[in-house]
Amino acid sequence: MNSLLIGELSPEQPSFEPTKNKELTDEFRELRATVERMGLMKANHVFFLLYLLHILLLDGAAWLTLWVFGTSFLPFLLCAVLLSAVQAQAGWLQHDFGHLSVFSTSKWNHLLHHFVIGHLKGAPASWWNHMHFQHHAKPNCFRKDPDINMHPF
């Protein structure tokens, strides 16, 4: 994770913090330093390997269920539950890889991000990066954050 960047929006954008509290900023910097000293910012590679393996195992179990038992209602329902869990878990795993927060080099993060989102989720990594960069540029700003831009819904 890169160093914590604390700043203001550009002058033409509305700010919910017109006067930044220096004490609060210093406390957050101190908290970050403490968290880094404790090693809480280091990813556990075994965890992420097991995370990926359990996704692949559930994905395989879903397809095996349909292959062995056919496409009647109960196997279809079981397969839907398994694949729903796979898609939800793969979404969060690709998010971690997309933030480049698992490996110390971006090469491995990008490689696994492309694999998880491209092969397991069926979406291009470039699309996710584009949308997620917009989300982080203007979090929770209506019409600018694609995560909350649900108009006309």
Side-chain angles (χ1 to χ4, degrees), residues 1-10 13-17 20-68 77-151 153:
M1 182 184 254
N2 292 335
S3 61
L4 180 64
L5 299 176
I6 300 174
E8 293 292 330
L9 297 173
S10 61
Q13 296 296 320
S15 176
F16 293 106
E17 259 185 306
K20 192 150 300 265
N21 185 337
K22 183 171 176 11
E23 284 183 26
L24 185 62
T25 303
D26 292 339
E27 283 182 25
F28 273 111
R29 287 194 173 124
E30 183 181 328
L31 176 63
R32 181 179 175 94
T34 303
V35 165
E36 285 177 345
R37 276 194 306 276
M38 293 172 67
L40 298 177
M41 301 293 248
K42 294 183 180 175
N44 183 344
H45 296 128
V46 174
F47 168 79
F48 285 99
L49 173 67
L50 293 174
Y51 195 177
L52 179 60
L53 288 177
H54 109 269
I55 289 170
L56 295 173
L57 181 70
L58 287 177
D59 203 17
W63 293 108
L64 187 64
T65 299
L66 289 179
W67 185 59
V68 171
L77 191 62
L78 177 61
C79 183
V81 169
L82 290 172
L83 289 176
S84 296
V86 164
Q87 289 299 302
Q89 293 295 312
W92 288 111
L93 183 61
Q94 71 82 25
H95 182 267
D96 291 334
F97 289 132
H99 271 284
L100 310 179
S101 61
V102 178
F103 298 104
S104 57
T105 63
S106 63
K107 177 183 176 181
W108 282 103
N109 283 304
H110 283 301
L111 181 71
L112 284 164
H113 182 237
H114 282 274
F115 171 74
V116 173
I117 196 168
H119 295 287
L120 299 180
K121 301 264 323 146
S126 59
W127 167 80
W128 182 85
N129 282 329
H130 174 72
M131 300 301 271
H132 208 64
F133 291 159
Q134 287 182 11
H135 161 71
H136 279 283
K138 305 282 183 178
N140 300 325
C141 290
F142 185 62
R143 291 196 172 94
K144 294 187 180 185
D145 182 353
D147 286 359
I148 64 166
N149 192 13
M150 298 297 288
H151 186 71
F153 303 114

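Counting heavy atoms from C-beta on, the side chains of Ile55 and Val116 never come closer than 4.5 Å. Taking the side chain as every heavy atom from C-beta outward, Leu112 and Phe103 approach each other to under 4.5 Å.
For Trp67, the side chain to side chain contact (heavy atoms under 4.5 Å, CB included) partners are Leu64, not counting sequence neighbours. Residues that satisfy the ring-ring contact (aromatic ring centres under 6.0 Å, His included) test with His132, not counting sequence neighbours, are His95, His99, Trp128, His135, His136. Residues that satisfy the ring-ring contact (aromatic ring centres under 6.0 Å, His included) test with Phe133, not counting sequence neighbours, are absent from this structure. Annotation: ring-ring contact (aromatic ring centres under 6.0 Å, His included) contacts of Trp63 (sequence neighbours excluded): none. Residues that satisfy the side chain to side chain donor-acceptor pair (under 3.5 Å) test with Gln134, not counting sequence neighbours, are His130. Remark: Leu78 pairs with Thr65, Leu82 by the side chain to side chain contact (heavy atoms under 4.5 Å, CB included) rule, at least two apart or across chains.
Between Glu36 atom CD and Leu31 atom CG the span is 10.0 Å, to the nearest 0.5 Å.
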Quick one: side chains of residues 84-94, donor-acceptor pairs under 3.5 Å with protein atoms, not counting sequence neighbours, listed by atom name and distance.
from  : atom 1 : to     : atom 2 : distance (Å)
Ser84 : OG     : Ala80  : O      : 2.7
Gln87 : OE1    : Lys121 : NZ     : 3.2
Gln87 : NE2    : Leu120 : O      : 2.8
Gln89 : OE1    : Tyr51  : OH     : 3.1
Gln94 : OE1    : His113 : NE2    : 2.9
Gln94 : NE2    : Gly91  : O      : 3.2

Solution key, residues 37-46 side-chain donor-acceptor pairs under 3.5 Å, sequence neighbours excluded:
from  : atom 1 : to     : atom 2 : distance (Å)
Arg37 : NH2    : Thr34  : OG1    : 3.2
Asn44 : OD1    : Val46  : N      : 3.1
His45 : NE2    : Val102 : O      : 3.1

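Residue Ser101 comes nearest to Asn109 through the heavy atom pair N-OD1, 3.9 Å, listed as atom of the first residue, atom of the second, then distance. Closest approach of Ala62 and Cys79 over heavy atoms only: O-SG, 3.6 Å.
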